[in-house]
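What follows is a set of notes on a single structure, which appears directly below.
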Amino acid sequence: MKIYNSFSRKKEIFEPNNPEQVNMYICGVTVYDHSHLGHALSSIVFDVLYRYLKYKGYNVKKVQNFTDIDDKIINKAVKEKTSSEIISEKYIKSFFHSMDGLNVLRSNIHPRATEDIQEIINFIKGLIDKGFAYESFGSVYFDVKKFQDYGKLSGNIYFEEYDSSRIDQNYNKKHSNDFALWKTSKDSEPYWDSPWSKGRPGWHIECSAMIKKHLGNQIDIHGGGMDLTFPHHENEIAQSESFTSKKPFVKYWMHNGMLRVKGAEMSKSLGNTYSINEALKNFSSDAIRLWILQSHYRTNPLLDLGLIHSTEKSLIRLRAINSEIIFNPKLEEMNFDRFKKRFIDAMDDDLNTPKAIATIFDLAKMINKSTSTYNVSEGLILFRELSNILGLDYKKLEKESKIDALEIEFMISKRNKARQNKSWEEADLIRDELLSLGIEITDTSEGTKWK
RNA sequence: GGCGACGUGGCCAAGUGGUUUAAGGCGGAGGUCUGCAAAACCUUUAUUCGGCGGUUCGAAUCCGCCCGUCGCCUCCA
């Protein structure tokens with residue numbers, strides 16, 4: 001299997017540090033709002049990676065954090081006259097609701113920054129002891145100039161010359177590009193006791209501390225959005241490699257592309273977001289997953305609800321394969337191995353899900369056209385096996401029916417009477433009426449079906 | 001200013017030197033089936049890959065120039 005490593009900027013053969021065990025860490029969300037479709041993109045991509053690695057026989061340990069203490073959470077709590085715990089708890093629940101709705105498997109561990117404060121403090125202490133960090137007015141900063149490799153992931157070395165006006169002059173940092181490990185708290189802000197001040201952790205340190213605690217000094221895969229490459233992931237490398245002296249901290253860096261909305265990145269600060277929970281009211285999880293996975297994960301797709309809608313249509317055929325195909329054991333068995341090979345070859349090539357999906361559509365077509373001449377049971381098993389890797393479960397979008405089943409059956413029998421009398425106009429009228437209620441009628445040799 | 005990506009049919013999107021005169025999805029056209037539909041299946045829908053040069057026996061795929069679009073560099077998946 002090959003994976004594109006953002007660090008080397010090349011596709012590399014995937015060989016975990018331990019041949020049977022894969023340790024992966026995915027940057028989670030800051031919980032101050034509902035998760036949006038950009039988060040769905042990232043979560044689905046790494047969910048598929050997780051499922052595929054397990055399919056390939058690895059033991060996989062996946063950890064995804066929650067940043068549950070941060071300026072934005074505090075601001076929101078102030079605005080809503082409540083505590084940051086209540087805010088973060090609310091949006092963690094919302095996150096899980098969204099992820100369950102998208103059929104994203106839970107990670108093995110979902111650590112929260114506030115639950116690992118002691119590890120974070122110990123980590124910072126270690127960095128100070130080793131000379132990589134310094135205290136300043138109760139806050140602690142990482143001394144970027146002490147870490148020779150700074151910039152090796154992102155290539156951003158001379159960024160301090162970019163725009164010094166962006167640096168908050170109130171911080172007492174040695175260099176503009178030093179970043180906070182510990183922030184002293186102001187006024188009524190939440191705080192934890194530390195050797196330096198009552199305060200809270202900086203953003204980047206939690207990931208370093210949690211990775212060390214839950215996965216060890218060196219991990220196989222670290223994933224997240226491209227927007228995190230700098231400064232977040234650059235800073236993680238600086239912290240972790242300085243603390244443990246083990247290099248590389250991460251063997252494979254994976255970054256998904258950013259979902260765009262009419263040219264701009266979808267982002268909470270731009271206010272152009274579309275929440276996952278909202279999307280799930282209008283589209284099935286399969287449609288959202290297929291739409292996302294039909295583009296390669298390193299591209300920046302444009303959000304277009306019409307495209308998700310057309311994906312929903314393409315699912316009709318796949319759902320029918322999953323639920324309606326009847327195979328005949330008396331017929332000669334058909335071999336479908338070539339589809340499996342195509343699928344695996346595609347996924348082995350840096351998760352080429354568009355190609356993998358094309359294989360599933362071709363497999364579906366082959367099953368459909370062969371049912372009367374061959375036993376397609378193995379094709380069906382394979383179809384479900386491959387679909388599962390992509391997290392497609394073929395459940396329909398649950399919409400509350402405005403009409404109950406008995407009434408539908410009554411209308412259908414009424415229509416069939418009309419059909420027997422060859423009163424086609426009346427029959428079509430009833431069909432249209434049912435359609436307007438969201439009920440689709442299909443006349444088959446075994447009678448009329450509806451869904 | 002620095003780092004980087006991309007430009008493929010009406011739309012979305014794979015493919016990155018020869019089995020590709022370009023996969024798959026949506027949409028369009030015709031057909032089988034049907035009372036008519038729907039679904040399914042069959043046929044069809046880019047001699048062409050932003051433009052111009054070059055390398056090569058051979059390029060959408062490599063190189064150069066030009067045009068255009070976009071991402072990151074600041075909290076963000």
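Numbers restart at 1 for each chain; the letters A, B, ... are given by sequence-line order, proteins then strands.
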[X] side-chain proximity, nearest of [options]:
| X | options | answer |
| --- | --- | --- |
| A:A358 | B:G24, B:A77, B:C26 | B:G24 |
| A:F361 | B:C41, B:G24, B:G27 | B:G24 |
| A:C27 | B:A14, B:C42, B:A77 | B:A77 |
| A:M258 | B:U74, B:G15, B:G71 | B:G71 |
| A:K365 | B:C41, B:A13, B:C11 | B:C41 |
| A:K313 | B:C26, B:C70, B:C12 | B:C26 |
| A:D362 | B:A77, B:C26, B:A23 | B:A23 |
| A:H36 | B:C26, B:A13, B:A77 | B:A77 |
| A:K72 | B:C75, B:C11, B:G24 | B:C75 |

A:N368 side chain near B:A40 phosphate (N/O to OP1/OP2, under 4.0 Å):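 Checking B:A40 against A:N368, no side-chain N or O comes under 4.0 Å of OP1 or OP2.
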Phosphate contact (B:A5 OP1 or OP2) by A:N300 side-chain N/O below 4.0 Å: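 A:N300 to B:A5 OP1/OP2: no side-chain N or O under 4.0 Å.
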Measure the distance from [atom1] on [X] to [atom2] on [N] and round it to the nearest whole Å.
| X | N | atom1 | atom2 | value |
| --- | --- | --- | --- | --- |
| A:M226 | B:A5 | CE | P | 10 Å |
| A:I221 | B:A77 | CD1 | P | 20 Å |
| A:D71 | B:U74 | CG | C1' | 13 Å |
| A:I308 | B:G25 | CD1 | C1' | 14 Å |
| A:F339 | B:G24 | CZ | C1' | 13 Å |
| A:L392 | B:G25 | CG | C1' | 13 Å |
| A:E234 | B:C75 | CD | P | 14 Å |

Determine, using ring centers only, whether [Y] and [X] are less than 6.0 Å apart.
| X | Y | result |
| --- | --- | --- |
| A:F66 | A:F95 | yes |
| A:H204 | A:F179 | yes |
| A:Y150 | A:F142 | no |
| A:Y52 | A:F46 | no |
| A:Y32 | A:Y91 | no |

What does [N] pair with, Watson-Crick or G-U, if both distances are under 3.5 Å?
| N | answer |
| --- | --- |
| B:A5 | B:U69 |
| B:A14 | none |
| B:G53 | B:C63 |
| B:U44 | B:G28 |
| B:U20 | none |
| B:C75 | none |

Whichever of A:S310 and A:D304 has its nearest RNA chain B nucleotide further upstream toward 5':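 The residue closer to the strand's 5' end, by nearest nucleotide, is A:D304.
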First encountered from the 5' end of RNA chain B, between A:F46 and A:Y4: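 It is A:Y4, whose closest nucleotide lies nearer the 5' terminus.
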Sugar-phosphate only, base, or nothing, as touched by A:H296 at under 4.0 Å among non-hydrogen atoms: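 Counting heavy atoms under 4.0 Å across all strands, the contact made by A:H296 is with sugar-phosphate only.
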Sugar-phosphate only, base, or nothing, as touched by A:G28 at under 4.0 Å among non-hydrogen atoms: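 It contacts sugar-phosphate atoms only.
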Option passing ring pair (Phe, Tyr, Trp, His ring centres under 6.0 Å) with A:Y25 (candidates A:H110, A:H214, A:H222):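 Per the ring pair (Phe, Tyr, Trp, His ring centres under 6.0 Å) rule, the option paired with A:Y25 is A:H222, out of A:H110, A:H214, A:H222.
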Test side-chain contact (heavy atoms from CB on, under 4.5 Å) applied to A:E378 and A:M334, A:E333, A:K340, the passing residue: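 Filter result, single survivor: A:E333.
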Side-chain (A:D350) to main-chain (A:Y4) donor-acceptor, under 3.5 angstrom: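 Yes, the answer is positive, given that a donor and an acceptor are paired below the 3.5 Å cut-off.
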Main-chain N/O of A:L293 paired with A:T353 side-chain donor or acceptor, under 3.5 Å: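 Confirmed, A:T353 side chain pairs with A:L293 backbone.
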Rounded C1' spacing from B:G24 to B:C67 in Å: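 After rounding to an integer number of Å, I get 31 Å for this pair.
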Dump the pairs, protein N or O against N or O of nucleotides 35-39 of chain B, anything under 3.5 Å, distances to one decimal.
from, atom 1, to, atom 2, distance (Å)
B:G35, O6, A:R415, NH2, 3.4
B:G35, O6, A:R419, NE, 3.4
B:G35, N1, A:D428, OD1, 3.1
B:G35, N2, A:D428, OD2, 3.0
B:C36, O2, A:R431, NH2, 2.7
B:C36, N3, A:R431, NH1, 2.9
B:C36, N4, A:D443, OD2, 3.1
B:A37, N6, A:D443, O, 3.1
B:A37, N1, A:D443, N, 3.2
B:A37, N3, A:R431, NH1, 3.2

